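All figures in this text were calculated on a predicted structure; none of them were measured in a lab. Sequential numbering from 1 along the given sequence is applied to the chain's residues.
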Amino acid sequence: MFLLKNLGSLVFGGAQNDSMVQLPAGQLYRVNNTGSAVSKKLIFPHAEACIRRTTNAHNYQLIITRLYEDGEEEADDDELLDDERVYLIDEALRFRRLGRKPPYCLQWADPSEGGGWEFAVGGATSEPQMSLFEDTVYTCMFERKHGKSHGDVDEDVLSRFVDKVKAEADRNAIDKALVQTASTPNVTPISKKPLSANTPSSLASSSAPATPTPASKSSKPTPAIVQKSLGDAMQPVIAPEGEQICAVKAQLYLFDSREGHFALMKDAVTAEIIETGVYEFALVVKEKDTAYICQPVDQKMAPTFSKEHRSFVWVWYDPATGQPLYSWSLKFEGSENEELEFKQILTEAVYETSNREEFRKLKKDDQEFLLAVHNDPMEVDQQDDEREEDEEEEWEEEEEEKQPARTTSADDSDEEDNQMHDKGSKNSQLAVGYKHNSSFVVRGSKIGVFRHTDDDQLRFATTINNVSDLSGQFFSPRKVMLHEQDSSMVLMKPGDDHNLYKMDLEYGKVVEQWKVDDSRTVDEIVPDNKYAQMTPAKTLIGLSHNSIYRIDPRLAGNKLVEEQSKQYVMKNGFSCGATTGKGDLVVGSSKGELRLYDQLNKRAKTHLPGMGDPIIGVDTTENGRWIVATCRTHLLLIDTQIKGSDTSGFSKSMGANKPAPKRLQLKPEHVAWMGCVPNFTTAKFSTGDAEEQAIITSTGPYVIRWNFRRVKGGHLYDYTIKRYADNVVADNFKYGQDRTMIVTLPENVEMITKKSLSTPVKMLKSRSNIVNSPY
């Protein structure tokens, strides 16, 4: 048997590659089994099969992708989602290989829909290829079940596991008879009664039916498999000891990714918030005396409240792996006062957990500002929402026709591949030019230059090799910023906290070293104003953990301008900054706070408190009206205009007139579906002369684009996404285009258009089997 330890170096060793093994040709059939007859339907006449890593350790996917031959019409963007079938590799697939001689065939069950699938392998595939693919599938099953590498166990253990899996698959072959191998657990059946008007907005349908499974003609489809799948989440747990500080009555729902709505799991539960220690809290959900959910309270839960539907939705994480597994929802049954008390106490608990201090010690207006963070977004009637989306599409139709869906990759050039390759290095930084339509990508001690073409494509231009300081020491910049009409670039060198380096982009080398200050460090740099890189401006702004200052390279000696600086005694933990079109400055901190300045040598005009999540990036609109601050699990969108006036928080203190921030986050059910903890990159507004229309960010392998125009109107979940095979390093808009984006991956750079992204709803409908799905 070819399996076991040999696969470690052949397949599992190349962690930099998501795709592990592949069968390049075959046909995909859908196998239907009624119990008395078996039928097959051709789905993909030309397809390839591969095994792919996921972002979760020891979890892998079997991917079947449709191929198009020359002359065969390809699908449009929406249909492309249906041209790929994704299956989590698990024992439940009952995977097996038919035939040891050509023609080869692979079969597996469909746990979500019943029946199964068959991949008829192309004739050119060799026996070693088949054995490698088959053995890799079984090895992936082993790693998923045991949560560890197959290289850590004896070969005999692996062999026994494979023999057992094969025997089970043969006994329950999909082309013989459908046998339900798992017994139905003793859980409350999923309700089939119609959901009331107070059901959470995510409940797309008017009922929560169980997913049908194959059954005899004389009986209705039973919910057995659904109860088994969703019921896995309903196992009794031990409630923690502590003081109960809040309790409410509610119904408990669980999101079913196959059906695209929440299913009622328990009709009457009690949700409690328990104080388990100093600044430590837990959410416990009980039915009578039996606890089914116990989870630490923190920002990672992505707590979302809906006042209209009287509901609370959040993400539940696997305590062993830390990965999101389920999206739960409570529909409150008690009084509105009890619901409001629950929301307030949960918000306070999130704050105290993150900040390790009492919420009530904050000023009253700061408390109100933070309590508004978890306010529910504006709820919109689904039909009205669809009409608005249609209007949006009509509004953009002319531009979309000019700008068809396209993804262009810059890694197809042999010249680029040879020049940009830096052994052991990956792409790490992206700087988008505003003046000359170019993008710059940092890879180790090299910088790749890519031109933006008139038809919105990306073309490799050249590579700046051997980035080094004036003494000739090579380094990989930790931050780059375009400067002086995109003719130069300011570089920050790792480990050198007091100097900046100016690179002349025409010559492709560092020509100046700027000593900023002897004592104050340079932790971050920001342009003088939002579009300063398009001007000949020489100065820029620097940040340290407790100071802000202007940097003027023309000064003799140290470049810090003392009379345009502000240093705090306290360690404020400044982490990032951004400027508006007229040069006002917003600074974020590791404490989650934001400070708004109109002058560098004076105190901030406005101080906005934080929930405790570090601000890792910040951006502003050109007019300074809006700020988007990036935290690890969410974005905060803040209107800087003071209520009842035309004055900005940059020029006057907001005081008690702080606006309610808009919290932009992925829906909890989408986080559970994606299977990875959100970890956003710095969000950016679209750029150019026109008003900003969109926001771009990424998390893991997903690029996410929010429709800023609709978000301002209360549609906080109006986002589209695109998934890559690798984690996204950086992303930004092409200058002057809110529908064209540049995406940097560890090994590649791409320019994509808005139409290459899709809504999560469409992706949920097309992919019922996703990594780490509990269903």
Practice prompt. Answer yes or no: is there a side-chain heavy-atom contact under 4.5 Å between K266 and E287?
Written response: yes
Discussion item. A side-chain contact here means heavy atoms from C-beta on lying under 4.5 Å apart; do R632 and V677 qualify?
Written reply: yes
Worksheet item: Where the side chain of D619 meets the backbone of F685, is there a donor-acceptor pair that is under 3.5 Å apart?
Response: yes
Discussion item. Within the 4.5 Å heavy-atom criterion, are K343 and L371 side-chain neighbours or not?
Written reply: no
Worksheet item: Does a donor on one side chain sit under 3.5 Å from an acceptor on the other, for T753 and T740?
Response: no
Worksheet item: How many angstroms lie between OG1 in T633 and CD in Q299, if you round to the nearest 0.5 Å?
Response: 5.5 Å
Worksheet item: When you measure from the centre of the six-membered ring of Y702, is the NZ or CZ of K722 under 6.0 Å away and within 45° of the axis?
Response: no
Discussion item. For L62 versus I89, what's the shortest heavy-atom pair and its separation?
Written reply: N-CG1, 3.6 Å
Worksheet entry | Rounded distance [0.5 Å steps], CD1 in I64 versus CD in E84 | 9.5 Å
Worksheet item: Less than 4.0 Å between a side-chain N and a carboxylate O, is that true for K331 and E333?
Response: yes
Worksheet item: For the side chain of T699 and the backbone of N679, is there at least one donor-acceptor N/O pair under 3.5 Å apart?
Response: yes
Worksheet item: Between Y719 and I704, what is the shortest heavy-atom contact and its length?
Response: CB-CG2, 3.9 Å
Worksheet item: Less than 4.0 Å between a side-chain N and a carboxylate O, is that true for R625 and D639?
Response: yes
Discussion item. Working to the nearest 0.5 angstrom, can you tell me the gap between N707 CG and H715 NE2?
Written reply: 9.0 Å
Worksheet item: When rounded to the nearest 0.5 angstrom, what is the spacing between CZ in F708 and CG in L637?
Response: 5.5 Å
Worksheet item: Which value, rounded to the nearest 0.5 Å, describes the distance between N727 atom CG and L745 atom CG?
Response: 9.0 Å
Fill in: Salt-bridge criterion met for E339 and R310 (N-O under 4.0 Å)
yes
Discussion item. Testing the basics here: between P609 and L370, what is the closest heavy-atom pair and its distance to 0.1 Å?
Written reply: O-CD2, 3.8 Å
Fill in: Side-chain touch L346/I273, heavy atoms, less than 4.5 angstrom
yes
Worksheet item: Quick check: does any side chain N or O of E352 sit under 3.5 Å from a backbone N or O of A349, one acting as donor and the other as acceptor?
Response: no
Practice prompt. Say whether, by atom type as modelled, one donor and one acceptor occur between the side chain of S327 and the main chain of E669 under 3.5 angstrom.
Written response: yes
Practice prompt. Please lay out, stage by stage, how L254 and F262 fare under the test side chain to side chain contact (heavy atoms under 4.5 Å, CB included).
Written response: CA-CA 5 Å; L254 178 62; F262 283 85; 5.7 Å; no
Worksheet item: Would you say the side chain of T720 lies within less than 4.5 Å of the side chain of S758, judging by non-hydrogen atoms?
Response: no
Worksheet item: Short question: side chain of T697, backbone of T682 - any donor-acceptor pair under 3.5 Å?
Response: no
Worksheet entry | Neighbour count above 12 (heavy atom, 6.0 Å) for K249 NZ | no
Response to the item:
The reported gap from CH2 in W706 to CG in L716 (rounded to nearest 0.5 angstrom) is 9.5 Å
Worksheet item: How far apart are the C-alpha atoms of T681 and S698, what are their side-chain angles, what is the distance that settles it, and do they pass the side chain to side chain donor-acceptor pair (under 3.5 Å) test?
Response: CA-CA 5 Å; T681 57; S698 61; 2.7 Å; yes
Worksheet item: Is a side-chain donor-acceptor pair under 3.5 Å present for Q665 with T304?
Response: yes
Practice prompt. Take R709 and V711 through the side chain to side chain contact (heavy atoms under 4.5 Å, CB included) test and state the conclusion after the steps.
Written response: CA-CA 6 Å; R709 192 169 69 90; V711 164; over 6 Å; no
Worksheet entry | Partner of Q61 under side-chain contact (heavy atoms from CB on, under 4.5 Å), chosen from R52, R85, R53 | R52
Response to the item:
ring-ring contact (aromatic ring centres under 6.0 Å, His included) filter on F680, not counting sequence neighbours, yields none
Worksheet item: Mind checking whether P614 and C631 have side chains closer than 4.5 Å, heavy atoms only?
Response: no
Worksheet item: Can you check whether L430 reaches V729 side chain to side chain, under 4.5 Å on heavy atoms?
Response: no
Worksheet item: For V350, does its backbone N or O pair with a side-chain atom of S354 as donor and acceptor, under 3.5 Å?
Response: yes
Fill in: From CA spacing to verdict: side chain to side chain donor-acceptor pair (under 3.5 Å), D110, W117
CA-CA 7 Å; D110 190 327; W117 300 89; 3.0 Å; yes
Discussion item. Is there a side chain to side chain contact (heavy atoms under 4.5 Å, CB included) between W328 and L252? Walk through the geometry before answering.
Written reply: CA-CA 7 Å; W328 292 100; L252 179 64; 3.6 Å; yes
Worksheet entry | P701 side chain near V728 side chain, heavy-atom distance below 4.5 Å | no
Discussion item. Could you check whether any side-chain N or O of R705 sits under 3.5 Å from a backbone N or O of D738, counting only pairs where one atom can act as donor and the other as acceptor?
Written reply: yes
Worksheet item: So, F342 versus F332, ring centres under 6.0 angstrom or not?
Response: yes
Discussion item. A quick test of your reading: do over 12 heavy atoms of other residues, nucleotides or ligands sit less than 6.0 Å from CD of E691?
Written reply: no
Practice prompt. May I ask you to decide if Y279's main-chain N or O and R356's side chain share a donor-acceptor pair within less than 3.5 Å?
Written response: yes
Item to complete: Of all the heavy-atom pairs spanning T347 and M611, show the shortest one and how long it is.
Response: O-CE, 3.6 Å
Practice prompt. Test Y326 against every option in Y253, F255, W316, Y317 by the ring-ring contact (aromatic ring centres under 6.0 Å, His included) rule and name the one that passes.
Written response: W316
Practice prompt. Might you work through the side chain to side chain contact (heavy atoms under 4.5 Å, CB included) test for I638 and V586, ending with a clear yes or no?
Written response: CA-CA 11 Å; I638 298 167; V586 56; over 6 Å; no
Worksheet entry | Close aromatic pair by centroid cut-off 6.0 Å: F312 and W314 | yes
Response to the item:
Looking only at heavy atoms, the pair that brings N355 and G610 closest together is ND2-O, 4.0 Å
Fill in: Any donor-acceptor pair under 3.5 Å from T630 side chain to A683 backbone
yes
Worksheet item: With a distance cut-off below 6.0 Å to the six-membered ring centre and an angular limit of 45° from the axis, does K286 pair with Y292 as a cation-pi contact?
Response: no
Worksheet item: Is it true that the NZ or CZ of K307 lies under 6.0 Å from the centre of F305's six-membered ring and within 45 degrees of the ring axis?
Response: no
Practice prompt. Flag the pair K684 and D731 as a salt bridge only when some basic side-chain nitrogen lies within less than 4.0 angstrom of an acidic carboxylate oxygen.
Written response: no
Worksheet item: Do side-chain atoms of T276 reach the backbone of A282 as a donor and acceptor pair under 3.5 angstrom?
Response: no
Practice prompt. Please report the shortest heavy-atom distance between L608 and K658, naming the atom on each side.
Written response: CD2-CD, 3.8 Å
